[in-house]
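Predicted model only: the values in this text are computed from it and were never measured. For ligands, and for the atoms within them, numbers begin at 1 and follow the listed sequence.
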Amino acid sequence: MPVTKAVIPAAGLGTRFLPATKAVPKEMLPVVDRPAIEYVVEEASRVGLRDVLLVTSRSKKAIEDHFDREAEIEAALERKGDETRLARVRASSSLAEVHSVRQSSPRGLGHAILCAASHVGNEPFAVLLGDDLIDERDPLLEEMLTVQARFGGSVIALMEVPREQVSLYGVATVEAVPSGPDDRYPIVKIRDLVEKPPVAEAPSNLAIIGRYVLAPEVFEVLRQTPPGRGGEIQITDALRTLALRAAEDPQAAPVHGVVFTGRRYDTGDRVDYLKAVIRLACERADLGPELYPWLEEYVAAGGPKEGLS
Ligand code: G1P
């Protein structure tokens with residue numbers, strides 16, 4: 001069954017970006033000149049997932065508004081004949097059919113995904129976490145959909161991270177799968193998963209990054225999954241159950257991983273967020289030619305010369 005729906009959890013409090021996120025959802029923070037979440041919806045839309053469900057919480061109205069038409073702004077730009085801006089403003093409301101559902105209490109990523117159950121129904125679906133931006137030049141999600149079509153079951157995105165960072169992620173134990181001539185990234189079979197293990201206990205440095213293509217069986221497993229790390233219901237724990245089931249029963253839906261080697265920007269961390277903004281702006285034809293030489297000059301002049309404040 002082809003995947004047509006994407007679920008984007010967007011219920012987090014954004015505490016790492018306070019006070020910027022006191023009244024503005026963290027998903028709305030600009031990455032260059034577009035809210036972070038627009039990149040993610042665009043990524044889903046680009047691979048044909050035009051039914052997008054946002055799992056939001058109280059105080060996230062701005063996100064829903066962003067994907068709706070804004071008649072007043074559009075009329076003002078039309079009057080001015082500002083076609084370029086008009087197209088950019090309209091783009092966000094035509095990317096996808098954006099729905100939303102509320103997660104009434106913050107009970108974890110697994111619980112947020114479970115909130116999508118009735119919208120998704122009995123078909124495989126994608127989950128995209130807004131804190132991870134995948135460069136549009138690197139076709140991770142497309143590759144994951146191909147792998148899901150080949151093996152069925154669920155597919156998660158993995159990336160090698162420095163050993164000392166493994167405790168920030170779900171970590172996988174994997175088995176290699178022979179790759180085909182058209183595979184862009186290595187494919188592995190997931191044997192086991194652990195959510196945010198202490199560095200010394202991590203089974204590998206293969207971290208789950210925020211892209212999943214999930215079999216609908218995950219909902220039934222999530223309903224049975226007790227709170228795990230941080231007292232929250234973890235998608236990693238539900239995927240572990242599916243992977244262990246598949247190891248015992250060859251008929252059960254497998255869990256595979258795609259080991260991504262492209263460009264990923266973590267906008268959930270302040271320094272990584274700033275790196276993403278600078279890098280993406282420098283690489284843009286309308287901003288880079290002015291910004292990059294300035295950056296080179298700033299660095300050549302010794303950076304923060306007045307000292308750190
Ligand atoms: C979540 C998941 C974790 C995954 C990470 C990817 O954690 O629980 O398994 O590795 O996303 O970004 P969070 O970053 O929301 O704490």
Side-chain angles (χ1 to χ4, degrees), residues 6-17 21 25-27 29 31 36-37 39-40 43 54-57 60 103 106-116 126-135 140-141 144 154-174 188 190-199 201-214 218 221-222 225-243 255 257-260 262-273 275-276:
V7 173
I8 304 182
L13 288 177
T15 34
R16 280 192 274 182
F17 283 86
T21 48
K26 69 168 176 177
E27 294 79 6
L29 294 182
V31 174
I37 194 151
Y39 291 79
V40 182
E43 181 187 339
L54 304 171
V55 183
T56 64
S57 59
K60 298 280 182 161
Q103 182 187 21
R107 293 173 57 199
L109 179 58
H111 179 257
I113 293 171
L114 192 50
C115 294
V127 174
L128 291 83
L129 304 188
D131 283 349
D132 285 313
L133 290 193
I134 302 298
D135 197 297
L140 172 61
L141 193 54
M144 292 172 74
S154 301
V155 180
I156 61 179
L158 299 171
M159 200 163 183
E160 283 194 56
V161 298
R163 192 90 203 169
E164 62 277 11
Q165 286 177 20
V166 287
S167 56
L168 300 171
Y169 298 96
V171 179
T173 305
V174 305
V188 292
I190 305 298
R191 284 296 175 212
D192 204 350
L193 291 167
V194 53
E195 177 69 1
K196 301 192 176 131
V199 174
E201 288 166 30
S204 76
N205 68 336
L206 281 175
I208 303 176
I209 56 170
R211 297 293 178 275
Y212 307 78
V213 179
L214 299 175
V218 78
V221 176
L222 278 170
T225 302
R229 180 77 55 196
E232 298 188 332
I233 297 171
Q234 299 293 351
I235 185 65
T236 305
D237 294 342
L239 285 163
R240 171 173 202 257
T241 304
L242 288 172
V255 184
V258 168
V259 185
F260 185 54
R263 289 155 282 195
R264 159 186 176 256
Y265 314 111
D266 176 1
T267 59
D269 173 82
R270 285 180 305 167
V271 170
D272 285 338
Y273 165 80
K275 286 182 194 168

Please list, in number order, the atoms of ligand 1 under 4.0 Å from a heavy atom of [X].
X      : value
Thr236 : 9 (O)
Leu129 : 11 (O)
Tyr169 : 10 (O)
Gln234 : 8 (O)

When you measure from [atom] to every protein heavy atom, which one gives the shortest distance, and what is it?
atom                    : result
atom 12 (O) of ligand 1 : Asp132 OD2, 3.1 Å
atom 15 (O) of ligand 1 : Lys196 NZ, 4.6 Å
atom 8 (O) of ligand 1  : Glu195 OE2, 2.6 Å
atom 6 (C) of ligand 1  : Ile208 O, 3.4 Å

Taking the side chain as every heavy atom from C-beta outward, state whether [X] and [Y] have any atom pair closer than 4.5 Å.
X      : Y      : answer
Ser154 : Leu242 : yes
Leu129 : Leu109 : yes
Gln103 : Leu114 : no
Leu239 : Tyr212 : yes
Pro227 : Glu232 : no

- Item | Polar atom proximity, Ile209 to ligand 1 (N or O, under 3.5 Å) |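 So ligand 1 has no N or O lying under 3.5 Å from an N or O of Ile209.
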
- Close aromatic pair by centroid cut-off 6.0 Å: Tyr265 and Tyr273: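 When the ring centroids of Tyr265 and Tyr273 are compared, they turn out to be at least 6.0 Å apart.
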
- Query: Quick one: does Arg264's side chain have a donor or acceptor within less than 3.5 Å of a partner on Gly210's backbone?
  - Reply: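 No, Arg264 side chain to Gly210 backbone: no donor-acceptor pair under 3.5 Å.
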
